Amino acid sequence: MSSTKTPVRVRFAPSPTGHLHVGGIRSALFNWLWARHNDGKFILRLEDTDRKRLVEGAADQIYASHDALGITPDEGPVQGGPYGPYIQSERLEIYARYATQLLESGALYPCWCTPERLDGLRQEAQKAGTAFKYDRYCLKPGNQLAEAEPHVLRFRIPEVPESIGWDDAVRGRLDFKLADLDDFVAIKADNFPTYHFANVVDDHLMKISHVLRADEWLPSTPKHLLLFQAFDWEPPTYAHLPAVLGPGGGKKLSKRDGAQSVQEYLDEGYLPEALRSFLASLGWNDGTTQEVYTTPELIGRFTLDRVQKSPAKFDKERLTWMNGLLIRQMPLDELLERSRAFLPPEAKHYDAQYLKAVLRLVQERLKFLSELPELTEFFFADPASAEPHEWLPQIIAALEPSDFTEADLETRLRALTTELDTKPGLLFGLIRHAVTGRTAAPGLFETLHVLGHGTTLRRLRNNQF
RNA sequence: GGUCCCAUCGUCUAGCGGUUAGGACGCUGCCCUCUCACGGCGGUAACAGGGGUUCGAAUCCCCUUGGGACUACCA
């Protein structure tokens with residue numbers, strides 16, 4: 001594998017047709033990792049040649065997702081670069097120029113066939129049980145219309161060689177027979193290029209060294225290779241990445257089967273580093289039993305020959321576990337900073353010292369940051385008062401003189417357990433519910449210590465008559 | 001239908017001719033324990049099937065089966 005081909009320049013080329021889901025960002029991440037691994041460049045290119053499917057704001061979402069994940073492109077629509085513009089709709093003259101070149105060489109030819117006629121042909125092929133291939137009607141003498149009439153430019157699949165193939169960096173040798181290929185459209189009637197054409201021209205002009213893309217592109221790679229050949233350009237190294245499947249079925253991950261956008265995961269409080277490590281494990285591993293990787297580790301170890309051939313399902317439970325693990329390992333100061341946007345609104349009335357004391361208690365219980373309000377609410381606001389209990393006066397009497405250190409709290413409450421001749425589970429559970437409104441919360445002594453004398457006693461009294 | 005790709009526990013995966021088929025998530029038993037978590041120690045669970053090649057196949061080849069992608073003037 002010529003992974004040392006320098007300089008390494010890779011691109012992620014999404015079309016702005018909706019949210020960038022986790023499968024898409026996985027491709028972006030692999031490209032980014034390969035670029036970083038080789039001290040190369042990661043390029044973002046917007047493939048907006050389908051005017052009908054454009055979604056407003058989608059491009060900005062794509063940029064934002066990259067930034068939020070920490071995989072900002074080196075070159076792209078936002079940062080610019082020496083091979084711009086990086087938005088295909090702004091490169092129309094370039095495509096037109098190269099289309100003309102192929103038109104003159106005979107690799108491309110005009111076709112005036114209507115969608116209706118083509119549909120008919122497809123139906124016939126369907127009925128006959130054969131693959132549809134354009135019948136080259138417009139190539140036959142006498143069938144040409146005026147240049148001014150709406151037409152597309154088709155690529156003429158050559159008769160030789162018999163087959164075309166490439167050494168895929170993850171799949172190995174792949175060959176396709178030219179006879180099975182259709183004269184695909186390179187330039188549409190609206191003068192926009194199709195993916196195939198724009199993609200090849202841009203990859204060449206932008207000096208892309210490796211194309212890492214989802215394997216749904218595998219069947220169209222021969223077309224791209226043929227285009228490179230027609231231009232007499234050297235194609236990049238291709239590496240087709242395994243699909244990311246939705247949790248539900250064996251289908252390709254897509255918006256409709258619950259695939260969430262990157263932004264949604266971030267909004268739920270999944271950490272960028274967790275997402276990076278998890279996403280990297282979808283279709284890649286370094287051959288060891290290590291489960292979680294720091295980003296520098298990922299960069300250092302990411303190689304194409306360790307990329308999986310078979311598809312991977314997106315297992316959110318595993319992501320959640322990884323996220324919780326990373327939260328637990330996080331220094332408290334950092335956790336505080338990253339929690340700010342998730343803490344309940346009342347938290348803003350408390351100082352950093354108090355917030356850290358609270359976070360220290362919930363840190364090991366946190367799986368993702370948006371759980372924070374639910375987990376910490378009672379540290380900032382009194383819960384609804386519970387049913388009064390006969391032990392309450394004695395509890396208050398025992399706690400009133402306490403200095404509220406954890407040790408003192410424990411001593412007094414254990415003594416009270418003996419005094420009342422009851423089990424810790426019963427007494428502590430009662431106090432916990434009275435003070436926090438919960439049956440499940442951090443350790444009682446720690447909780448009361450953080451809450452302090454005033455708050456604790458006030459809440460206990462609220463439960464009395 | 002046609003072309004192509006893929007195939008180890010439910011899931012992510014290790015394995016690249018000789019292993020009691022390993023790790024992790026999940027589920028689960030025990031321990032810790034004031035609840036919930038965390039943590040520790042166990043358990044559950046896989047080479048899709050059939051032919052070859054070989055002294056020996058999860059590993060190599062073929063077939064079958066299953067899954068998937070593509071088959072647009074979408075990417």
Side-chain angles (χ1 to χ4, degrees), chain A residues 13-17 47-50 52-53 111 113-115 118-119 122 125-133 150-154 168 171 174-177 179-182 184-196 198-199 213-222 240 242-243 245 247 249-252 278 281-292 308-322 324-325 328 361-367 375 410 413-414 417 423-433 436 438-445 447:
Chain A
S15 60
T17 54
E47 310 227 325
D48 59 344
T49 55
D50 185 354
K52 294 182 285 292
R53 295 203 313 156
C111 171
C113 289
T114 62
L118 295 171
D119 281 347
R122 276 192 196 91
Q126 184 73 254
K127 240 181 290 174
T130 58
F132 167 78
K133 280 176 62 180
H151 63 280
V152 302
L153 259 27
R154 284 182 184 275
D168 196 277
R171 302 305 175 101
L174 260 15
D175 282 285
F176 288 77
K177 285 193 278 297
D180 294 327
L181 267 30
D182 180 41
F184 63 91
V185 173
I187 303 289
K188 304 182 236 183
D190 63 2
N191 278 319
F192 273 75
T194 59
Y195 169 83
H196 305 300
N199 169 69
R213 53 158 47 153
D215 67 1
E216 65 198 72
W217 294 108
L218 215 149
S220 51
T221 305
H240 287 91
L245 307 178
K251 293 287 185 203
K252 185 175 73 165
F278 175 73
S281 78
L282 256 35
W284 175 85
N285 72 80
D286 69 349
T288 72
T289 58
Q290 185 167 342
E291 305 288 347
V292 185
Q308 207 80 8
K309 287 194 185 77
S310 48
K313 281 200 179 77
F314 187 93
D315 182 6
K316 192 175 177 180
E317 301 241 46
R318 193 173 159 82
L319 201 216
T320 301
W321 160 76
M322 207 175 276
L325 183 73
R328 268 171 258 139
L361 298 191
V362 299
Q363 184 168 24
E364 68 186 21
R365 294 164 174 79
L366 258 185
K367 301 252 189 264
L375 254 32
E410 174 156 14
L413 290 177
R414 291 211 186 276
T417 303
K423 299 271 189 211
L426 238 55
L427 178 63
F428 295 178
L430 175 71
I431 299 173
R432 169 175 293 109
H433 190 252
T436 69
R438 310 293 169 101
T439 54
L444 186 62
F445 316 128
T447 301

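Because the structure is predicted, anything quoted here is derived from the model rather than measured. Protein chains get the first letters and strands the later ones, always in sequence-line order, with residue 1 at the start of each.
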Practice prompt. Check the angle between the aromatic planes of A:H196 and A:W217 and answer parallel, tilted or perpendicular using the 30° and 60° thresholds.
Written response: perpendicular
Worksheet item: Could you write nucleotides 33-39 of chain B as a row of B, S and -, 5' to 3', where a protein heavy atom under 4.0 Å of any base atom gives B, of only sugar-phosphate atoms gives S, and otherwise -?
Response: -BBBBSS
Worksheet item: Between B:A14 and B:U19, how far is it from one C1' atom to the other, in whole Å?
Response: 12 Å
Worksheet item: On a whole-Å scale, what distance lies between the P atoms belonging to B:C27 and B:U59?
Response: 33 Å
Sort out the partner of [N] for me: Watson-Crick or G-U wobble, both distances under 3.5 Å, none otherwise.
N	result
B:A21	none
B:A14	none
B:G1	B:U71
B:A37	none
B:C27	B:G43
B:A58	none

Worksheet item: How long is the line joining CD of A:E291 and P of B:C25, in whole Å?
Response: 7 Å
Response to the item:
The answer to which of A:T289 and A:D215 contacts RNA chain B further toward the 5' end, by nearest nucleotide, is A:T289
Worksheet item: When the nearest nucleotide of RNA chain B is assigned to A:L319 and to A:T114 on a heavy-atom basis, which residue is associated with the more 5' position?
Response: A:L319
Worksheet entry | Within-4.5 Å side-chain heavy-atom neighbours: A:K423 and A:T417 | no
Worksheet item: If you take atom types as modelled and just measure distance, does the side chain of A:R122 reach the base of B:A72 with a donor-acceptor pair under 3.5 Å?
Response: no
Discussion item. Using a 4.0 Å heavy-atom cut-off, does A:K423 contact any base of the nucleic acid, only the sugar-phosphate backbone, or nothing at all?
Written reply: nothing
